[in-house]
Amino acid sequence: GLPPNCRQVLLVTSADGTSNCAGLRLLEREADNAWKQLGDVIPVTLGRNGLAWGLGEHQSPPTPNFRIKREGDGCSPAGVFRLPFAFGDAPAVDCKLNYIPITETLLAVDDLQSRFYNQIVDSAQVTKDWTSTERMKREDGLYRWGIMVAHNPANTPGAGSCIFIHLWRGPGQPTTGCTAMSEEHLFRVLRWLDPALEPRLVQWIA
């Protein structure tokens with residue numbers, strides 16, 4: 001599922017489909033098209049229920065009996081996904097991705113009936129048509145910095161919404177469906193990713 005011009009991959013591998021702990025490798029494609037791992041494996045946490053087959057750029061069908069990603073299932077999506085922009089409610093870190101500052105009115109929409117489903121919107125700039133959202137400016141600071149994952153790019157209702165890479169609560173503490181890591185490691189990822197190299201997130205079972 002990787003496009004030919006993709007030269008950076010965040011490879012997240014889990015021991016099995018139900019584990020909420022995984023390892024992240026930074027892979028870079030060299031001039032001879034060989035993939036090189038940069039640095040050590042980064043510990044990350046996944047959704048509380050592990051992985052489920054998501055909607056991204058991968059074209060292959062899911063493994064038999066592998067769960068399909070659904071809204072509210074507590075699973076992180078498996079597959080290949082673009083990383084369109086970074087965000088945060090703190091000053092922009094040294095990153096090349098487009099950076100969106102979080103404000104009090106920025107929301108992640110998870111209402112299946114909304115035309116903004118699976119999108120981050122500024123509620124001060126659009127007409128409200130939702131009954132359920134998540135405030136991006138969180139009191140717990142988990143979105144102090146993060147990266148948007150282009151899961152469910154067609155915004156199909158019920159297929160799962162607003163998947164991010166963000167700060168974790170702590171080692172072994174699962175998410176509701178995102179991929180999380182320490183601040184030190186997230187900074188490393190943010191500084192490394194380069195949109196000119198068409199980076200992708202790949203999540204699967206080792």
Side-chain angles (χ1 to χ4, degrees), residues 1-47 49-70 73-87 95-98 118 146-154 156 159-168 174-182 185-206:
L2 291 175
N5 55 347
C6 171
R7 308 197 72 82
Q8 288 183 328
V9 165
L10 300 180
L11 177 62
V12 175
T13 53
S14 174
D16 58 63
T18 60
S19 175
N20 52 49
C21 292
L24 165 64
R25 292 169 173 81
L26 307 187
L27 302 182
E28 193 165 80
R29 196 196 299 257
E30 300 186 302
D32 62 357
N33 284 328
W35 288 96
K36 176 184 178 181
Q37 179 176 324
L38 304 181
D40 297 331
V41 177
I42 295 172
V44 299
T45 55
L46 302 174
N49 292 321
L51 291 169
W53 196 258
L55 296 176
E57 294 187 327
H58 47 288
Q59 300 298 316
S60 57
T63 302
N65 301 319
F66 199 78
R67 295 172 294 185
I68 304 298
K69 175 70 182 158
R70 295 286 183 259
D73 62 3
C75 292
S76 297
V80 179
F81 310 97
R82 291 187 306 106
L83 301 168
F85 60 85
F87 59 82
C95 71
K96 301 180 184 71
L97 293 175
N98 183 36
N118 191 36
I147 304 167
M148 181 71 179
V149 176
H151 170 260
N152 187 15
T156 303
S161 64
C162 303
I163 302 298
F164 311 128
I165 297 172
H166 62 72
L167 297 172
W168 66 9
T175 71
T176 58
C178 297
T179 299
M181 67 192 75
S182 72
H185 289 133
L186 185 54
F187 279 179
R188 176 183 165 194
V189 171
L190 283 167
R191 286 191 292 265
W192 177 67
L193 289 172
D194 185 347
L197 302 180
E198 291 289 334
R200 295 297 189 271
L201 170 67
V202 177
Q203 298 195 133
W204 191 233
I205 300 171

pair H185-L24: side-chain heavy atoms closer than 4.5 Å: no
Side chain to side chain contact (heavy atoms under 4.5 Å, CB included) partners for P195, two or more places apart: K96, L97
L186 side, atom CG; I42 side, atom CD1 - distance, nearest 0.5 Å: 9.0 Å
W192: side chain to side chain donor-acceptor pair (under 3.5 Å) partners, not counting sequence neighbours: E28
Pairing residues for T13 by the side chain to side chain donor-acceptor pair (under 3.5 Å) criterion, not counting sequence neighbours: R25
Flag side-chain contact, heavy atom, 4.5 Å: I165 against L83: yes
Spacing of T156 atom OG1 and K69 atom NZ [to the nearest 0.5 Å]: 13.5 Å
With N49 via side chain to side chain donor-acceptor pair (under 3.5 Å) - residues at least two apart: none
side-chain contact (heavy atoms from CB on, under 4.5 Å) evaluation trace for L193 with L10: CA-CA 9 Å; L193 289 172; L10 300 180; 4.2 Å; yes
Note, L38 side chain near L27 side chain (heavy atom, < 4.5 Å): no
Heavy-atom side-chain proximity of R67 to P62 below 4.5 angstrom: no
Residues in ring pair (Phe, Tyr, Trp, His ring centres under 6.0 Å) contact with F85, at least two apart in sequence or another chain: none
Qualifying residues under side chain to side chain contact (heavy atoms under 4.5 Å, CB included), relative to R7, sequence neighbours excluded: R29, N33, L197
Those residues that, when tested against T63, pass side chain to side chain donor-acceptor pair (under 3.5 Å) (two or more places apart): none
Donor on one side chain, acceptor on other, Q203 and S76, under 3.5 Å: no
Close side-chain approach of V202 and V12, heavy atoms under 4.5 Å: no
Stepwise side-chain contact (heavy atoms from CB on, under 4.5 Å) test for M181 and V189: CA-CA 10 Å; M181 67 192 75; V189 171; 4.0 Å; yes
Any side-chain heavy-atom pair of V80 and V9 under 4.5 Å: no
Results of ring pair (Phe, Tyr, Trp, His ring centres under 6.0 Å) for H58 - residues two or more places apart only: W53, F81
Results of side chain to side chain contact (heavy atoms under 4.5 Å, CB included) for D32 - residues two or more places apart only: E30, A34
Residues which pass side chain to side chain contact (heavy atoms under 4.5 Å, CB included) with S14, listed by chain and number, not counting sequence neighbours: S19, A22, L46, L51
L26 and Q8, any side-chain heavy atoms less than 4.5 Å apart: no
Pairs satisfying salt bridge (Lys or Arg N to Asp or Glu O under 4.0 Å), at least one member in residues 195-206, at least two apart: E57-R200, E198-R200
Separation of C178 SG from L167 CG (nearest 0.5 Å): 11.5 Å
